[in-house]
Amino acid sequence: MIAVLARAALPTSRAIRWTPIAGASALLLVAAMLTAASGRPADLLPAVAAAALASLLVGSLHDPAHDLLAPVPVSAMQRRALRLALMGGAVLLVWTALGLLAQTSPAATAVGSLLALAASGVAVAVWGPARTGVLLGAVVPVLWFAVDQAVPGGGLAADLVGLWRTDPWPVVAVALVVCLMGRHR
Amino acid sequence: MTTTDTVTGALLATTGLTKRYGPLTAVDHVDLSLGRGIVGLLGPNGAGKTTLLRILATVLSPDAGDVRLLGLDPTEPKERLEIRRRIGFLPQSPRLYGGFTPLEMVDYVAILKEHTDKTWRRNEARAALEALGLGDRMHQRIRTLSGGMQQRVALAAALIGTPQLLVLDEPATGLDPEQRIALRSVLAGCADEGTVLLSTHNTAEVSALCQHVLVMDQGRICWSGAPEDLAAAAQGQVWESPHDEPTAVRSWLTGPGNRRHLGTPPEGARVVTSTLDDGYLLVTRLAR
Ligand SMILES: Nc1ncnc2c1ncn2[C@@H]1O[C@H](COP(=O)(O)OP(=O)(O)OP(=O)(O)O)[C@@H](O)[C@H]1O
Ligand SMILES: [Mg+2]
């Protein structure tokens with residue numbers, strides 16, 4: 001199966017739409033450069049970047065030819081994993097570049113928070129309805145980020161919605177288990 | 001040798017197949033047993049054809065009932081994988097990658113069908129595209145092709161690897177008359193290797209192509225047999241006249257000043273030879 005996926009990697013990369021991530025990355029990198037040049041700390045930038053990049057990563061699961069490909073021996077889960085691997089590589093490159101450019105603490109640009117948002121979105125995409133699952137999944141990172149910003153700090157609610165920043169790895173683990181449970185979907 | 005179900009000898013067999021969407025039963029206790037050849041699936045909009053075909057293509061799981069495809073059980077992961085290596089599927093209104101060429105698209109499907117040899121894949125893809133009249137378009141971006149051409153690209157992708165079971169949901173949609181005729185020869189060739197099950201709204205397609213016809217209505221198979229028998233089912237119950245007929249269960253215009261009627265002909269009516277359309281209208285009418 002690995003050999004089949006390796007063979008499918010190049011055409012799959014061509015089937016993915018790269019324009020959204022290219023546009024978003026350019027914006028984020030420019031923002032990082034500008035804040036670095038101004039000498040001010042870019043407090044919010046890593047969080048915004050994590051939400052945007054995670055959303056785009058989940059969005060890469062959108063496959064227009066899904067109906068045609070549905071009964072091929074390479075399962076939908078394997079095809080999704082391939083798309084995530086390809087897009088994930090690009091996302092990690094942008095994330096690393098942002099980390100180098102932005103004047104923030106290393107903790108703010110640790111990859112865990114990005115993965116927590118992305119994995120949660122993927123879990124929703126896997127379990128969501130066939131037609132709209134990916135869209136719903138792509139909304140999750142942005143929504144979670146927005147709710148986290150909106151909820152005032154201090155209470156249990158704030159702790160919970162801040163989990164993607166404060167305890168990203170357990171979130172990743174739970175989301176991965178949820179994804180694996182939906183591998184036949 | 002073709003693998004067949006050891007019990008029934010059928011390449012495709014279902015018993016009590018049922019699929020529900022909430023309160024709606026889209027496929028209702030369908031029993032099928034199909035061997036080699038081309039089988040046409042007729043039925044009104046919403047009859048459950050697509051749902052049934054998606055189950056038979058291993059895309060959708062039924063809520064109840066058994067399916068055996070090529071003698072294998074699609075609920076068993078290993079057997080499902082083996083089935084998927086040997087079936088071709090054309091969904092209704094397929095979407096493709098606009099940035100690919102037809103050759104790349106068909107080759108991509110062949111890769112995902114685990115065909116390893118690149119030369120073999122390219123040759124097969126070329127042959128399928130040429131058979132469907134796309135020989136001069138195979139290097140053009142799909143987004144620049146017409147709807148009917150895109151449909152033929154998807155068909156070529158379904159045909160790749162000479163599947164033993166070919167499940168086609170309205171394959172002739174959007175095809176011009178010349179391409180419909182070309183498609184008939186291609187499908188007739190496929191039927192030598194196994195079973196072709198296709199849904200259509202075109203009874204002429206069924207007459208020309210199918211050895212067997214299934215009529216589906218409200219989730220059930222309400223008629224099954226040879227196309228000529230479906231036409232014969234309405235024999236003696238079709239007549240023509242210039243005006244409306246009170247005894248007709250169905251009447252429709254066939255030309256200026258001429259109406260065709262289905263039902264019990266009145267005394268002295270001009271009874272005409274029934275066609276597949278008449279038979280289809282009669283059995284779907286009786287099923288309600
Ligand atoms: N995903 C779905 N969710 C809910 N209902 C559905 C779904 N898919 C189909 N249906 C319903 O199931 C019934 C059968 O639909 P299906 O698409 O199988 O019909 P069909 O015979 O293929 O019709 P057509 O000739 O228009 O293609 C319809 O009433 C339809 O509304
Ligand atoms: Mg349909």
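Proteins come first, then strands; the chains are lettered A, B, ... in the order of their sequence lines, and each starts at number 1. Computed from heavy atoms alone, side chains included, the values below leave out hydrogens, waters and symmetry copies.
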Are any non-hydrogen side-chain atoms of [X] and [Y] less than 4.5 angstrom apart?
X        : Y        : answer
B:Arg121 : A:Arg7   : yes
B:Gln92  : A:Asp67  : no
A:Pro11  : B:Asp107 : no
A:Val72  : B:Glu114 : no
A:Arg79  : B:Leu112 : yes

* Contact summary for B:Ala57 and A:Pro71, nearest pair of heavy atoms -> O-CB, 3.1 Å
Look at atom [atom1] of [X] and say whether more than 12 heavy atoms of other residues, nucleotides or ligands are closer to it than 6.0 Å.
X        : atom1 : value
B:Arg184 : CZ    : yes
A:Ile2   : CD1   : no
B:Arg85  : CZ    : yes

Which atoms of [X] come close to chain A, meaning under 4.5 Å heavy atom to heavy atom: side chain ones, backbone ones, both, or neither?
X        : answer
B:Thr116 : both
B:Ile87  : side chain
B:Ala157 : side chain
B:Tyr108 : side chain

* To do: Could you tell me which of A:Pro73, A:Ala65, A:Ala76 has the largest number of non-hydrogen atom pairs under 4.5 Å with chain B?
  => A:Pro73
* To do: Select one option (side chain, backbone, both, neither) describing which atoms of A:Leu69 are under 4.5 Å from chain B's heavy atoms.
  =>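 The answer is the side chain of A:Leu69.
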* Is the Lys NZ or Arg CZ of A:Arg14 less than 6.0 Å from the centre of B:Tyr97's six-membered ring, within 45° of the axis? ->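 Negative - A:Arg14 is either too far from the ring of B:Tyr97 or too far off its axis.
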